[in-house]
Amino acid sequence: MSLTTLIHQLPKAELHLHIEGTLTPELMWCLADKHGITLPYKNIEEIRQAYLFEDLQSFLDLYYAGADVLRDEDDFFELMWAYLCRCNEQNIVHTEVMFDPQTHLHRGIEFGVFMSGFTRAIDKAKDEFGISVYLILSFLRHLPESDAMETLHIAQPYLDKVHAFGLDSSELGHPPSKFERVFTRVRELGFKIVAHAGEEGPPSYIWEAIELLKVDRIDHGVRCQEDQALLDHLKEHQIPLTVCPLSNLKLCVVSDMKQHNIKWLLEQGLRVTVNSDDPTYFGGFLNENYQAIVEALDISAEQLKQLVVNSIVSSFLPQEDQTRIITLIEKIYQAYAIE
Ligand code: ADE
Ligand code: ZN
């Protein structure tokens, strides 16, 4: 069995995935046509060719513009359904999916429209594939905290469908401390918390996410390498990092996959996981992210297994579900190891 086959066969969890970042050029084209929207591209190939980014902001500008083709309940269903079909193909048995309500509310689309599209697809995937899906409601950090508070208020009737809250969008200039009050409220309501930090932002943003927002996981976090005390803290408390290798390459966080620090972080004893972030914009879903680091960084089968186990233990799944999946991972890995 090759490492590529092992990547495919291991049951995996994905913990850092923006549903708006799974919009394919084909679906964008089709929905633009359906709603009579004129895109600034002549064809699907031109959309694909526009996916060249120099930093996070250059990507976000295009990503928010692309999301404008999502208008009705069916569009949100199609978007989620297409991603969950991909999960089924890639042996992703559990996924924790971020969505950005403010992107849609600000365009006049009501909360119930995207939530019912998402939950219809999630229920269908549960029935047909046995995949479990948790939703993470993410606040946009380039907007004021008052807008996040207002969003939390609007989301109230739907909170039984939400497992956790997150923080994403333009990192530089928008530290986690800007959102301390809203995340205090979220914590009081009993939700898990994640936040993007240390993607482009400095280690101090990761400290703020830990100490002020009291996050359960850090999204990205790759700049922790610059601060030894932070590395020690992340290791001691086994705070998971949801690392996204192809995203880091496409957004020029690293200049070459061979320079990526994910293997080094794993070898330091940090709880790192592999994820796809915005797969249709960055050139690969989850298995392609594993494949990219295995090829560039000479990751062993045992390290690959550790990354996959980390994805399960870093998830918000109940303990008994985690144990069941890890037993399966160990069985598949043993079959590989004795070959
Ligand atoms: N929203 C979607 N992808 C993101 C990323 N990589 N960083 C911050 N916000 C995002
Ligand atoms: Zn992200």
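As the structure lists them, so they are numbered: ligands from 1, and atoms in each ligand from 1. Just so you know, these numbers use all the heavy atoms, side chains as well, and skip hydrogens, waters and symmetry mates.
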Query raised in the report: Are the aromatic ring centres of H196 and H174 under 6.0 angstrom apart?
Result: no
Query raised in the report: In D277, what N, O or S atom is nearest to the Zn ion (ligand 2), if we give its atom name?
Result: OD1
Query raised in the report: Closer than 2.8 Å to the Zn ion (ligand 2), do we get an N, O or S atom from H196, backbone or side chain?
Result: yes
Query raised in the report: Going through the distances and angles, do F139 and F183 end up as a ring pair (Phe, Tyr, Trp, His ring centres under 6.0 Å)?
Result: CA-CA 10 Å; F139 296 126; F183 279 98; 5.7 Å; yes
Query - Sub-4.0 Å heavy-atom environment of ligand 1, residues by chain - result: H18, L56, F59, L60, Y63, D168, S169, H196, E199, H220, D277, D278
Query raised in the report: Are F191 and F165 close enough that their ring centers fall under 6.0 Å?
Result: yes
Query raised in the report: Is the gap between the ring centers of Y51 and F282 under 6.0 Å?
Result: no
Query raised in the report: Given the side-chain rings of F114 and H104, with only the six-membered ring counted for Trp, is the space between their centroids under 6.0 Å?
Result: yes
Query raised in the report: Does a salt bridge link D72 with K34, judged by any charged N lying under 4.0 Å from a carboxylate O?
Result: yes
Query raised in the report: Should E145 and R181 count as an ion pair when the cut-off is N to O under 4.0 Å?
Result: yes
Query - N, O or S atom of H16 closer to the Zn ion (ligand 2) than 2.8 Å - result: yes
Query raised in the report: Backbone or side chain, does D278 get an N/O/S atom under 2.8 Å to the Zn ion (ligand 2)?
Result: no
Query raised in the report: Can a cation-pi geometry be assigned to K305 and Y333, taking NZ or CZ under 6.0 Å from the six-membered ring centre and within 45° of the ring axis?
Result: yes
